[in-house]
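Let me begin by presenting the structure, written as C-alpha cells, before commenting on it.
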Number of protein chains: 2
Amino acid sequence: MSEDACVSEPDLSRQLLESHRTLASELVAGLAERGYDDLRPGHAAVFLHVDRRSGTRLTELARRARMTKQGMMLVVDDLESRGYVRRAPDPDDSRAKVVKLTAHGRRAAGETRRTVQAIETRTRRALGDRRYEALREALDAIVSSTGHPT
Amino acid sequence: MSEDACVSEPDLSRQLLESHRTLASELVAGLAERGYDDLRPGHAAVFLHVDRRSGTRLTELARRARMTKQGMMLVVDDLESRGYVRRAPDPDDSRAKVVKLTAHGRRAAGETRRTVQAIETRTRRALGDRRYEALREALDAIVSSTGHPT
DNA sequence: TGAGGTTGGTCAGTCAGGTTGACCGTCGCT
DNA sequence: AGCGACGGTCAACCTGACTGACCAACCTCA
C-alpha cells in the first residue's frame, strides 16, 4: 500500500513557490508592457517600500521588505546602476544614506504599484473574495508561525 | 494621498515566497531531527516522486515535479553523490536510465514523506480545515491561471 | 532500409533572490 | 574618553532553478 508516488497535488511548499513564480512572472510581464523591461520582481521590494518624496534608508527598506540589509543592497545597487534610484547622504546621520527615487524611478514606482495592485485585484476576482481573504490569512499564519517569532 | 509606503501587509507574491521558505525551513529542520542533515528541500522533489521499488526515469521525475529535466538532473546528481540514489540503465530503452533509491535513499524517502506529511498536517491544524482547503484551491487556481496552460 | 523527427540524458552557462560573516566608521550614552 | 549599537559595504556562498546545445538511441514510414 502506498508504494508509488501517485500524489494528485504537489506538496504545499512547492505549490507556494510555483504560485510565487506565477505572480512574479505576471509582474515582469506587466511592467514590460508598460515600458519597463529591465525591472525584475525583486525591484518591487524597493518601489513598494520607499518613501516617494523623502527617500528611505537602506536598513529601513530592508526591514520593511523583510530581508537583510545586504540583500536589499544588491537590489538598490542594481536600481542605482539603472538610474531608478540614487543614494543621498542623510543630513541627520553621516553614517547613513537615503535611497531616493529619481524622476525615472518615481514613474517606475508608480507603474510598479499599479501593476502589483492590478495583479492582486485580478487574483482576488479570479479566486473570489472568500478564498482570497482565506489565502491572505493563511499565508500570514504560515509565515508568522515559525518565520519570525517577533 | 497615498504618498508614502505604508503597506500593512506585503504584496501577495512576497508573502507566497516567504511562506514557501518557512515550510522549506521546517522541512530541513524536520529531516535534520530525524538524522538527515544533508538534505535540502529540493531533494524532496525526488523522494516524493520516485517510484520506490522500480525507480523512475529522469524526465518522468522532472515531469512529475514540474521542472525541467536539466533542473532535475542537478538534484539527482547531488543525491547520487550523497548515496541516496543511483542511476541504473533502463532495460527497455538503452538511451534511458532509471533513478533508483538506494537502501539509504529508501529510508530517507520514507522520512521525507513523513516529514512533509507532518508539516502539512500541522499547517492544516493551525489554519483550520476551511482556510487550509481554501489555501489549496487558491494556489491551484493561481498556478493554473497563467502557469502552464495545458 | 535508411532518412528524419522525437526522446532521454548530459554539459555549459546563466539567472533571481537572497544568506552569513567580516569589517569600518559614525552615533550616542555614560 | 570609551564602548557598544547601528548604517553601510565587500566578499563568498547557497538554493533552485532556466535556456541552449549536443549526442545517441528510438520510432516511423516511405
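Proteins get letters first, then strands, A, B, ... in listed order; numbering begins at 1 in each.
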Q: Using atom types as modelled and distance alone, determine if a side-chain donor or acceptor of Ser19(A) lies under 3.5 Å from a backbone N or O of Ile142(B).
A: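 Side chain of Ser19(A) to backbone of Ile142(B), a donor-acceptor pair under 3.5 Å: no, none is there.
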Q: Kindly say whether Asp11(A) contributes a backbone atom to a donor-acceptor pair with the side chain of Glu120(B) at under 3.5 angstrom?
A: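 Here the side-chain-to-backbone pair does not exist.
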Considering just the side-chain nitrogens and oxygens of [X], establish if one lies under 4.0 Å of OP1 or OP2 belonging to [N].
{"X": "Lys97(A)", "N": "dT9(D)", "value": "yes"}
{"X": "Arg66(A)", "N": "dG17(C)", "value": "no"}
{"X": "Arg87(B)", "N": "dT10(C)", "value": "yes"}
{"X": "Arg21(A)", "N": "dA17(D)", "value": "yes"}
{"X": "Arg40(A)", "N": "dA16(C)", "value": "yes"}
{"X": "Ser94(A)", "N": "dG25(C)", "value": "no"}

Using atom [atom1] of [X] as one end and atom [atom2] of [N] as the other, report the distance to the nearest whole Å.
{"X": "Glu60(B)", "N": "dT7(C)", "atom1": "CD", "atom2": "C1'", "value": "13 Å"}
{"X": "Asp77(B)", "N": "dC11(C)", "atom1": "CG", "atom2": "P", "value": "7 Å"}
{"X": "Arg57(B)", "N": "dA25(D)", "atom1": "CZ", "atom2": "C1'", "value": "11 Å"}
{"X": "Leu48(B)", "N": "dG16(D)", "atom1": "CG", "atom2": "P", "value": "13 Å"}
{"X": "His20(B)", "N": "dG17(C)", "atom1": "NE2", "atom2": "C1'", "value": "11 Å"}
{"X": "Asp92(A)", "N": "dG28(C)", "atom1": "CG", "atom2": "C1'", "value": "14 Å"}
{"X": "Lys69(A)", "N": "dG18(C)", "atom1": "NZ", "atom2": "P", "value": "17 Å"}
{"X": "Asp38(A)", "N": "dA16(C)", "atom1": "CG", "atom2": "P", "value": "11 Å"}

Q | Leu17(A) vs Met73(A), nearer the 5' end of DNA chain D by closest nucleotide | A |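 Checking each residue's closest nucleotide, the 5'-ward one belongs to Met73(A).
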Q) With respect to Asp51(A), which candidate in Lys100(A), Arg106(A), Arg64(A) satisfies the salt bridge (Lys or Arg N to Asp or Glu O under 4.0 Å) definition? A)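 Passing option: Arg64(A).
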Quick check for you: among [options], whose closest atom lies nearest to any side-chain atom of [X]?
{"X": "Ala96(B)", "options": "dA25(D), dT19(C), dG9(C)", "answer": "dG9(C)"}
{"X": "Leu74(A)", "options": "dT19(C), dC18(D), dA17(D)", "answer": "dT19(C)"}
{"X": "Leu58(A)", "options": "dG8(C), dG8(D), dT10(C)", "answer": "dG8(D)"}
{"X": "Thr59(B)", "options": "dG16(D), dG7(D), dG9(C)", "answer": "dG9(C)"}
{"X": "Gln70(B)", "options": "dA17(D), dG20(D), dT19(C)", "answer": "dG20(D)"}

Which is true for [X] with a 4.0 Å heavy-atom rule: it touches a base, it touches only sugar-phosphate, or it touches nothing?
{"X": "Asp90(B)", "value": "nothing"}
{"X": "Met67(B)", "value": "sugar-phosphate"}
{"X": "Arg63(A)", "value": "nothing"}

Q: Report yes if a donor N or O on one partner sits less than 3.5 Å from an acceptor N or O on the other, where the partners are the side chain of Arg95(A) and the base of dC6(D); otherwise report no.
A: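 Answer is yes: a donor-acceptor pair is held.
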Q) Between Val98(B) and Gly42(A), which has a closest nucleotide on DNA chain C that is more 5'? A)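 Nearest-nucleotide comparison on DNA chain C picks Val98(B).
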Q: Test Glu18(B) against every option in Arg21(B), Arg14(B), Gln15(B) by the side-chain hydrogen bond (donor to acceptor under 3.5 Å, both in side chains) rule and name the one that passes.
A: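 Testing each of Arg21(B), Arg14(B), Gln15(B) against Glu18(B), the sole residue satisfying side-chain hydrogen bond (donor to acceptor under 3.5 Å, both in side chains) is Arg14(B).
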Q.
Within this structure, what is the CG-NZ distance for the pair Leu61(B) and Lys69(B), rounded to the nearest 0.5 Å?
A.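 One gets 13.5 Å once the value is rounded to the nearest 0.5 Å.
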Q: Quick one: sort the Tyr84(B) and Phe47(B) rings into parallel, tilted or perpendicular, breaks at 30° and 60°.
A: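 Perpendicular, since the angle between the ring planes exceeds 60°.
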